[in-house]
Protein chains: 2
Amino acid sequence: MAVIDRKKLILEAAAKSFSLYGYKATTMDQVAKLANVGKGTIYTFFKTKEELFEEIINSLIAEIRYEVESVMNESASVLENVNRVLSRVHVFRESHQLTIKLIQEERDMGTQTVIEAMQRVEQSIIQYMKGIIQKAIDKGEIKTCNPEVTAFVMLKMYFSLVNDWQRNHPPLKKEEIAKLFELYLLKGLLT
Amino acid sequence: MAVIDRKKLILEAAAKSFSLYGYKATTMDQVAKLANVGKGTIYTFFKTKEELFEEIINSLIAEIRYEVESVMNESASVLENVNRVLSRVHVFRESHQLTIKLIQEERDMGTQTVIEAMQRVEQSIIQYMKGIIQKAIDKGEIKTCNPEVTAFVMLKMYFSLVNDWQRNHPPLKKEEIAKLFELYLLKGLLT
DNA sequence: AAATGACCAATTTAGTATTTTAGTCAGTCG
DNA sequence: CGACTGACTAAAATACTAAATTGGTCATTT
């Protein structure tokens, strides 16, 4: 199309700025300048800065979902799939500019808007895993259980192992984490 | 004894003040006044404010260990004991003035000294649970596994379930948590 | 010798001036 | 006409500074 898609320009500029400077340090003037657009134009598409940010987070969630779907394999076992999904999420979080910046802002400044956004991202991952687990239950691959609690526990355990454990210990390799998941969650500790 | 035990007075005053106002808002003048002692006297027993605080945390750790030991039962199963210990730790954290205040200060102000102290408390709980798990392994009650990672995973899972889960869901009852522990960690999900 | 509190340097806080920013809207331009 | 703009404003954040507080010391007292 001949006319410029201003909304798209704004979203691209905002994504770039949030990735580079985080939520707080990104100004609407900056986004307008980056998008080559008058500031008022932003407000014809987005009611507030927060709404603009939420749209960016929606894209982020979609991107993660796409990434995760690309490694899923219907015919593989639950364990295999859960490990692939979590590992992919983890790699994504550590390589994607926007998530890196937001995790940092959440930790260092505790910006409320950012905290809420990251929780929304986490929730969406849990919802996605919930689906995987429900399928495994239906197939009879694993025991009947609350799929949401199970997804929640898996995500928390994964992030504990990759983030918190290395605060006091050498980091665990990907295969080690997979082994731990298998032992704790699937086989169980009982002899 | 006829002479007043000034060190004890200081420790009691400090414990009271830290419980009431937290670490940052407690001043050495205040502790001195509360203990009916000259400020200089504090410095004959403790090099710095931080050292005084660390002694208080040591008492806290000892107190938790005592609480935990009182509910342990050598002849009960690992599951039973782990659940008792974690539940006791949780109840303690929610009822003990000092821990309440410090958890709050950690969350709201992010005081570095407090963050480090709470991590030390957590570490000591993990070390204690490590012992329980090692015994269960020796008895052949559970599979061979790294007892420290196992203790770590158990504590993290417990705190996730009692603290994070209720951010978006109705809180889980103590028996529900026990059931989840049994399912996820002991029996495993595999059919 | 043990204990004290006035004292000091350094940090924190409170108060205020200045700047920045989210959001608006009268006016421009295609 | 209507999409678009950027100067404008009220509110919020920041920078600055003076005043107060605090951790720690040490000469003096008990």
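Just so we're on the same page: letters track the sequence lines, and every chain starts at 1. Predicted model only: the values in this text are computed from it and were never measured. FYI, side chains are in, hydrogens and waters are out, and symmetry mates aren't considered; it's all heavy atoms of this structure.
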**Fill in**
Sorted by chain and residue number, the salt bridge (charged side-chain N to carboxylate O under 4.0 Å, His left out) partners of B/Glu51 (sequence neighbours excluded) come out as B/Lys47
**Request:** Select from B/Phe45 and A/Thr41 the residue whose nearest nucleotide in DNA chain C is closer to the 5' end of that strand.
**Result:** B/Phe45
**Asked** Between C/dG5 atom C1' and B/Arg6 atom CZ, what is the distance in whole Å?
**Response** 14 Å
**Asked** If you look at every heavy atom in A/Glu74 and A/Lys139, which pair is closest and at what distance?
**Response** O-NZ, 3.4 Å
**Message:** Distance check needed: C/dT13 C1' versus B/Met109 CE, whole Å only.
**Reply:** 12 Å
**Spacing between B/Gln30 atom CD and D/dG24 atom C1', to the nearest angstrom** = 17 Å
**Prompt:** Does B/Asp138 have any salt bridge (charged side-chain N to carboxylate O under 4.0 Å, His left out) partners at least two apart in sequence or in another chain, and if so, which?
**Reply:** none
**Fill in**
Test side-chain hydrogen bond (donor to acceptor under 3.5 Å, both in side chains), reference B/Tyr128, set B/Arg65, B/Gln123, B/Glu69, output is B/Glu69
**Request:** Rounded off to whole Å, could you give me the CG-to-P distance for the A/Asp5 and D/dC4 pair?
**Result:** 10 Å
Look for any protein N or O under 3.5 Å of an N or O in nucleotides 19-23 of chain D and output each such pair with its distance, or none.
residue: D/dG23; atom: OP1; partner: B/Thr26; partner atom: O; Å: 3.3
residue: D/dG23; atom: OP1; partner: B/Lys49; partner atom: NZ; Å: 3.0
residue: D/dG23; atom: OP2; partner: B/Met28; partner atom: N; Å: 2.7
residue: D/dG23; atom: N7; partner: B/Lys39; partner atom: NZ; Å: 3.0

**Asked** Of A/Lys47 and B/Thr44, whose closest DNA chain C nucleotide lies nearer the 5' terminus?
**Response** B/Thr44
**Request:** Identify whether the distance between the nearest side-chain nitrogen and carboxylate oxygen of B/Glu12 and B/Lys7 falls below 4.0 Å.
**Result:** no
**Item:** B/Tyr23 and B/Phe53 aromatic ring geometry - parallel, tilted or perpendicular at 30°/60° bounds
**Value:** tilted
**Asked** Nearest-Å distance, CD (A/Glu50) to P (C/dT21)?
**Response** 18 Å
**Fill in**
Whole-Å distance, B/Leu9 CG to C/dT4 C1', equals 15 Å
**Request:** Calculate the interatomic distance between A/Ile42 atom CD1 and D/dA7 atom P; express it in whole Å.
**Result:** 15 Å
**Complete:** From CZ of B/Phe46 across to P of C/dA3 the rounded distance in Å is 13 Å
